[in-house]
Amino acid sequence: MDKTEFTVRDILAGRAPGDAPVTVKGWVRTRRDSKAGISFVHLSDGSSFHPVQVVAPNTLPNYADEVLKLTAGCAIAATGTIVPSPAKGQPFEMQASAIKVIGWVEDPDSYPIQPKPHTLEFLREVAHLRPRTNVIGAATRVRHTLAKAIHRFFDENGFFWVNTPIITSSDAEGAGALFRVSTLDLANLPRTPEGKIDFAQDFFGREAFLTVSGQLNVEAYCLALSKVYTFGPTFRAENSNTSRHLAEFWMIEPEIAFADLSDDATLAENLLKYAFATLLNERQDDLAFFDERIEKGLVAKLSGIVGSEFVRMDYGEAVAVLERATETFEFPVKWGIDLQSEHERYLTEKYAKKPVIVMNYPKDIKAFYMRVNDDGKTVAAMDVLAPGIGEIVGGSQREERLAVLDSRMTERGIDKEHYAWYRDLRRYGTVPHAGFGLGFERTLAYVTGLANVRDAIPFPRTPGHARY
RNA sequence: UCCCCGGUAGCUCAGCGGUAGAGCAGCCGGCUGUUAACCGGCUGGUCGGCGGUUCGAAUCCGUCCCGGGGAGCCA
């Protein structure tokens, strides 16, 4: 991009010179013609929510042959002078002196992306073209800024980003079904003398899978660098068909040493508030769009969260609240049950009307690595529940006592040999530590008001869907 | 995987036993410093597939496919 080229964002912000011709490149959103002898072409390059208005006079040499044939989706380079717009709708516009068509739309009649609202369901079926829409473009920019805000928060607080492996052999974390990674010839599998598949001949000499969580690995780095986090893709081969599940999704997993569950909850709350505040500050146009078209009151909702405390309650208190509720639940509430979606929704949407942190769950419904509390009945686990989306954070203080960890593994029938390296962390300089997983797409859905995580990731993977 | 709802023009939908419709998009024309403009005209369909009921099926029945919502699992 040479010095005379500017983005739509720069032009609308007044950062392009007004005394010399500049060029902007992008894709046509709409074209309106005036018989007074000009056409108005709205041009988007994705750099900002709003397009730039290019005013094309009929004195352009290619006006009749090309400008009047521009339709939604055509790629052009427009050159001209940036002037304050005489009409309402935009602060600046371009008086074009040249419009060069770079790419036509073949068969405009059937081009799927039109200057009108489409259903999100339809847009998922044209996943390669949907970034050209307002809603997916805005979601993409918010996703970027959210990711940057999360990294910045950790950086400013002394955390190190640890890239835990995508391919693992940890297969019993209780976090769902796994995708197998193998280079064996499926049509001609090697067998052991007992007739089982001989994974010793596979690429890694053992069974391998795509990771469902970087937690166990990041714990190892936590017990050396004190404050660490992962931010990367994770994979679950669950046959989940809901608006909140993806087979491939991104997760943020901080892990802090010399810390307990309360520290963990505070970290989660601070992270979310920081991220939301950043979006309110840096993505105003996009959030205004989501507020207007996707979820009324979105900006006020986020501002409210930034400025208030999350509600914290013990699992026992949560059960008591649910038992007192006048609402009738499909699943009856009593101490010991895992909270159902309807229960979580009640707590966060009706009872607190903001994010709720539920802490100290019964140990029998939680994973083996969560620290057993002094009561012997509960573990130091916490979930952050958000209105409309449910669980966005799941975390715990980890069991740092080797004897307790071993007995928990025995209870669950987990092979200690397989977790020898994880047990080592408790043998050599063990300390209390805690962490959580934050679902990136669920968080993005929450901050945009988008009801389905499939619209919060560029190319969603769900059961039966990996076409694009 | 289970339970519901839906599939009609490129898109959004109406029609729900009797000759396939509207809005938007596209094309043509009119008007206009316009703002996902406005006015007129035109083009555009195996009514998801297959089978059945009926004189006659987009409409009723069966089945399969596809999409969505909810549940479970979880982030």
Side-chain angles (χ1 to χ4, degrees), chain A residues 28-42 44 50-57 68-69 71-73 83 85-90 93 95 105 107-126 129 133-134 173-177 212-215 230 233-253 268 289 293 330-331 338-342 344-345 365-367 383-386 389-395 436-446 451-454 456-457 462-465:
Chain A
V28 172
R29 279 287 174 77
T30 61
R31 192 199 83 233
R32 288 177 297 278
D33 305 319
S34 166
K35 279 297 179 287
I38 50 179
S39 289
F40 301 96
V41 178
H42 276 188
S44 168
H50 295 285
V52 67
Q53 174 157 279
V54 175
V55 183
L68 286 180
K69 293 192 170 70
T71 57
V83 299
S85 180
K88 288 178 182 169
Q90 56 282 319
E93 63 184 25
Q95 293 287 347
V105 166
D107 190 16
D109 186 42
S110 60
Y111 179 61
I113 307 300
Q114 297 174 11
K116 58 172 263 184
H118 292 91
T119 61
L120 292 165
E121 291 80 10
F122 168 71
L123 291 176
R124 279 172 220 147
E125 293 173 12
V126 285
L129 299 175
T133 62
N134 280 337
E173 293 160 24
V212 295
S213 162
Q215 180 203 316
T230 72
T234 52
F235 308 87
R236 310 251 170 115
E238 296 285 355
N239 189 12
S240 297
N241 293 286
T242 82
S243 57
R244 304 179 305 283
H245 290 86
L246 294 164
E248 176 182 303
F249 66 99
W250 286 58
M251 191 154 63
I252 296 96
E253 297 177 285
F289 167 78
R293 295 295 180 93
E330 185 186 345
F331 295 90
D338 204 355
L339 297 181
Q340 304 292 315
S341 289
E342 57 175 348
E344 296 182 345
R345 265 207 305 277
I365 60 173
K366 290 292 181 182
D383 286 347
V384 178
L385 311 176
I389 194 78
E391 183 182 341
I392 57 172
V393 166
F436 62 82
L438 170 66
F440 189 50
E441 285 76 19
R442 285 187 182 178
T443 307
L444 188 61
Y446 182 69
N452 196 316
V453 292
R454 292 168 199 163
I457 191 167
T462 54
H465 295 274

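Below, read A as the first sequence line, B as the second, and so on, with proteins coming before strands; counting in each chain starts at 1. Remember, predicted model here, so these are calculated numbers, not experimental data.
- Contacts of Ile252(A) with the nucleic acid, taken as non-hydrogen atoms under 4.0 Å apart, are absent.
- The CD-P distance, from Glu238(A) to rC73(B), rounds to 10 Å in whole Å.
- rC11(B) sits 32 Å from rG56(B) when the P atoms are compared, rounded to a whole Å.
- Looking at His245(A), its side chain comes within 3.5 Å of the base of rC74(B) through a donor and an acceptor atom.
- Shown here are the side chain to side chain donor-acceptor pair (under 3.5 Å) partners of Gln90(A), two or more places apart in sequence or in another chain: Ser85(A).
- Rounded to a whole angstrom, the distance from the P atom of rG41(B) to that of rG21(B) is 16 Å.
- The C1' atoms of rG10(B) and rG51(B) are separated by 30 Å, rounded to the nearest whole Å.
- Arg244(A) and Asn452(A) are not linked by any side-chain donor-acceptor pair at a separation below 3.5 angstrom, with hydrogens and angles left out of the test.
- With a 3.5 Å ceiling on both atom-pair distances, the Watson-Crick or G-U wobble partner of rC38(B) is rG30(B).
- Remark: Phe289(A) pairs with Phe49(A) by the ring pair (Phe, Tyr, Trp, His ring centres under 6.0 Å) rule, at least two apart or across chains.
- By the ring pair (Phe, Tyr, Trp, His ring centres under 6.0 Å) test, Phe122(A) is found to be paired with His118(A), residues two or more places apart in sequence or in another chain being considered.
- Once the 5.5 Å centre distance and the 30° plane angle are applied, the aromatic ring of Tyr111(A) is found not to be stacked with the base of rG10(B).
- Straight-line distance between the C1' atoms of rG7(B) and rU43(B): roughly 25 Å, to the nearest whole Å.
- Heavy atoms of Val453(A) sit nowhere under 4.0 angstrom from any nucleic acid atom.
- For rG44(B), there is no paired nucleotide, since no Watson-Crick or G-U wobble pair has both relevant distances below 3.5 Å.
- If you measure from atom CG of Leu385(A) to atom P of rC74(B), you get 14 Å, rounded to the nearest angstrom.
- Applying the salt bridge (charged side-chain N to carboxylate O under 4.0 Å, His left out) test to Arg124(A) and every residue at least two apart in sequence or in another chain returns Asp455(A).
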Using a 4.0 Å heavy-atom cut-off to protein, can you give one letter per nucleotide of nucleotides 66-71 of chain B, 5' to 3': B if the base is in contact, S if only the sugar-phosphate is, - if neither?
-SSSBB
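- Rounding to the nearest 0.5 Å places OG1 of Thr443(A) at 6.0 Å from CD1 of Ile252(A).
- For Asp33(A), the salt bridge (charged side-chain N to carboxylate O under 4.0 Å, His left out) test picks out Arg31(A), with sequence neighbours left out.
- Of all heavy-atom pairs spanning Phe331(A) and Glu342(A), the tightest one is N-OE2, 2.7 Å.
- Applying the side chain to side chain contact (heavy atoms under 4.5 Å, CB included) test to Thr462(A) and every residue at least two apart in sequence or in another chain returns Leu246(A), Arg454(A), His465(A).
- Under the 3.5 Å distance criterion, the side-chain polar atoms of Glu248(A) are left unmatched by any main-chain donor or acceptor of Pro233(A).
- Going from atom CG of Leu444(A) over to atom C1' of rA75(B) covers 14 Å, rounded to whole Å.
- Considering only residues two or more places apart in sequence or on other chains, Glu253(A) meets the salt bridge (charged side-chain N to carboxylate O under 4.0 Å, His left out) condition with none of them.
- Rounded to whole Å, the separation between the C1' atoms of rC60(B) and rC16(B) comes to 10 Å.
- Across the P atoms, rG40(B) and rA25(B) are found 13 Å apart, a figure rounded to whole Å.
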Going 5' to 3' through nucleotides 26-41 of chain B, assign each nucleotide B (protein heavy atom under 4.0 Å from a base atom), S (under 4.0 Å only from sugar-phosphate atoms) or - (no protein heavy atom that close).
SS---BBBBBBB----
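- rG62(B) and rU54(B) are spaced 16 Å apart, taking the C1' atom of each and rounding to whole Å.
- A distance of about 15 Å separates the C1' atoms of rG23(B) and rU8(B), rounded to the whole Å.
- Using the Watson-Crick or G-U wobble rule with both distances under 3.5 Å, rC2(B) pairs with rG70(B).
- Pairing for rC60(B) goes to rG52(B), judged as Watson-Crick or G-U wobble with the two contacts each under 3.5 Å.
- Rounded to whole Å, atom C1' of rC74(B) lies 10 Å from atom CG of Asp383(A).
- Note: CZ (Phe122(A)) to P (rG10(B)) measures 10 Å, nearest angstrom.
- Going from atom CD1 of Ile113(A) over to atom P of rC11(B) covers 11 Å, rounded to whole Å.
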